[in-house]
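Note that the coordinates shown come from a computational prediction; the quantities given were computed from them, not determined experimentally.
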Amino acid sequence: MDAGRVTGPDGFVLLPGYFDRAAQESLLAGVLGGIGAAPLYRPSMPRNGQPLSVQMSNFGPLGWVADQAGYRYEPEHPVTGAPWPSMPPALLELWAAVSGWHQPPQACLITVYGPDSRLGLHVDADEDARDAPVVSVSLGDRARFRLGGPLRNSPSRSLVLSSGDVVVLGGASRRFFHGVDRIYPGTSTLLPAPFHPGRINLTLRRVR
């Protein structure tokens, strides 16, 4: 599962193919069930209300939301008002295996990318647990991931993430700018319609 592992001096870790095809299919079934309980919605930018190009939902006791009131974590879905569904066991097992953190994750952001979706450079900065790593899983089409540094204009590097890959932003990289430059449509057959072509990213975080 660690073949081709990439570890950077800044705490960045890439685990290519951590989840094999069967494990991806099992995890995807849990994700689709979660989306059924907590429907996807399109967050918006706080300043101008502009919708993001991605759709989102969450697992866990807390969920990340974004609207004109700001970025924050809430225990309930912003549209339905219902609690977020529990995290699939595979995600809790992943966190225990790769995070090196002594407490379980409190939120798993589900981000659904269409063929033309992007996610600009940003830092995950809405958590009080600032030393806890961020662990993410890629499902579906490949994506070009960009990792920068502590400043928005820091030098950056890019790499292609494939379905089943796991990324850990730990150490100094936890506070690095990062984003998704593009999706490569049709590079995976994992996701069903209406999510194909596209990508689902699962981001595990400790909030408090």
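V135 and L139 fall within a single hydrophobic cluster, where Ile, Leu, Val, Met, Phe, Trp and Tyr are joined by side-chain heavy atoms under 4.5 Å apart, directly or via other members. Hydrophobic clustering places L161 together with L147 (ILVMFWY residues linked when any side-chain heavy atoms are closer than 4.5 Å, directly or through intermediates). Linking Ile, Leu, Val, Met, Phe, Trp and Tyr residues whenever their side-chain heavy atoms come within less than 4.5 Å leaves I183 and L40 in two separate clusters. Residue L92 is grouped with residue F19 when hydrophobic side chains (ILVMFWY) are merged at heavy-atom distances under 4.5 angstrom, including chains of intermediate members. Linking Ile, Leu, Val, Met, Phe, Trp and Tyr whenever their side-chain heavy atoms come within less than 4.5 Å leaves M87 and V134 in two separate clusters.
The side-chain contact (heavy atoms from CB on, under 4.5 Å) search around T187 returns D141, R142, Y184, not counting sequence neighbours. Shown here are the side-chain contact (heavy atoms from CB on, under 4.5 Å) partners of A193, two or more places apart in sequence or in another chain: there are none. Residues meeting the side-chain contact (heavy atoms from CB on, under 4.5 Å) test with S26, sequence neighbours left out: none. With sequence neighbours left out, the ring-ring contact (aromatic ring centres under 6.0 Å, His included) criterion links H122 to H178. Applying the side-chain contact (heavy atoms from CB on, under 4.5 Å) test to V6 and every residue at least two apart in sequence or in another chain returns L14. Evaluation of the side chain to side chain donor-acceptor pair (under 3.5 Å) rule for T7 yields R5 as partners, not counting sequence neighbours. Residues satisfying the side chain to side chain donor-acceptor pair (under 3.5 Å) test with W64, not counting sequence neighbours, are D126.
Sorted by first and then second residue, the pairs that involve residues 158-185 and meet salt bridge (charged side-chain N to carboxylate O under 4.0 Å, His left out), not counting sequence neighbours, are E127-R174, R146-D181. Screening residues 155-164 for salt bridge (charged side-chain N to carboxylate O under 4.0 Å, His left out) gives D10-R157 as the qualifying pairs, with residues at least two apart or on separate chains. Residue pairs satisfying the salt bridge (charged side-chain N to carboxylate O under 4.0 Å, His left out) criterion with at least one member in residues 56-70, sequence neighbours excluded, are listed as follows: D67-R72. Screening residues 20-43 for salt bridge (charged side-chain N to carboxylate O under 4.0 Å, His left out), with sequence neighbours left out, gives R21-E25. Applying the side-chain hydrogen bond (donor to acceptor under 3.5 Å, both in side chains) definition to pairs two or more places apart or across chains, those involving residues 85-100 are W95-S99.
Note that the OG atom of S138 and the CG atom of L190 stand 11.5 Å from one another [nearest 0.5 Å]. If you take CG on L191 and CD1 on I200, they are separated by 5.0 Å, rounding to the nearest 0.5 Å. Rounding to the nearest 0.5 Å places CG of D124 at 13.5 Å from CZ of F176. Distance check, rounded to the nearest 0.5 Å: CZ of R118 to CG of L52 gives 14.0 Å. Summarising the geometry, atom OG1 belonging to T111 is positioned 5.5 Å from atom CG belonging to N201; distances are rounded to the nearest 0.5 Å. Atom CZ of F177 and atom OG of S156 lie 12.0 Å apart (nearest 0.5 Å).
Distance alone, capped at 3.5 Å, is enough to place a donor-acceptor pair between the W84 side chain and the E74 backbone. Without hydrogens or angle criteria, R144 side chain to S158 main chain gives no donor-acceptor distance under 3.5 Å. Q50 places no side-chain N or O within 3.5 Å of a backbone atom of M45 that could act as its donor or acceptor partner. Formation of a donor-acceptor pair under 3.5 Å by the S154 side chain with backbone atoms of G148 is not found in this model. Not a single donor-acceptor pair under 3.5 Å links the side chain of R205 to the backbone N or O of P105. In this structure, Q55 contributes its side chain and V112 its backbone to no donor-acceptor pair below 3.5 Å. Using modelled atom types, one side-chain atom of S163 and one backbone atom of G140 make a donor-acceptor pair closer than 3.5 Å.
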*Full working for side-chain contact (heavy atoms from CB on, under 4.5 Å) between L204 and W101*: CA-CA 12 Å; L204 296 160; W101 195 252; over 6 Å; no
*Could you check V98 against L15 for side-chain contact (heavy atoms from CB on, under 4.5 Å), going step by step and ending with a plain yes or no?*
CA-CA 9 Å; V98 306; L15 300 170; 3.7 Å; yes
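Smallest separation of non-hydrogen atoms from G170 and P133: CA-CB, 4.1 Å. Of all non-hydrogen atoms in A66 and Y41, the two that sit nearest each other are N-OH, 4.2 Å. The minimum heavy-atom distance between L27 and A90, with the atom names listed, is CD1-CB, 4.3 Å. Closest of all the heavy-atom pairs between G34 and F59 is CA-CE2, 3.6 Å. For the pair R206 and A132, the tightest heavy-atom approach, listed with the atom from each and the gap, is CB-CB, 3.6 Å. Across every non-hydrogen atom of S57 and L109, the tightest pair is O-CD1, 3.5 Å.
With no hydrogens or angles considered, no side-chain donor-acceptor pair links Y73 and R208 at under 3.5 Å.
None of V166, V137, V167 except one satisfies the side chain to side chain contact (heavy atoms under 4.5 Å, CB included) rule with Y18; the exception is V166.
Within the 4.5 Å cutoff, the side chain of S53 has no heavy atoms near those of the D116 side chain. Side-chain contact between S188 and R199: absent, with no pair of heavy atoms (C-beta onward) separated by less than 4.5 Å.
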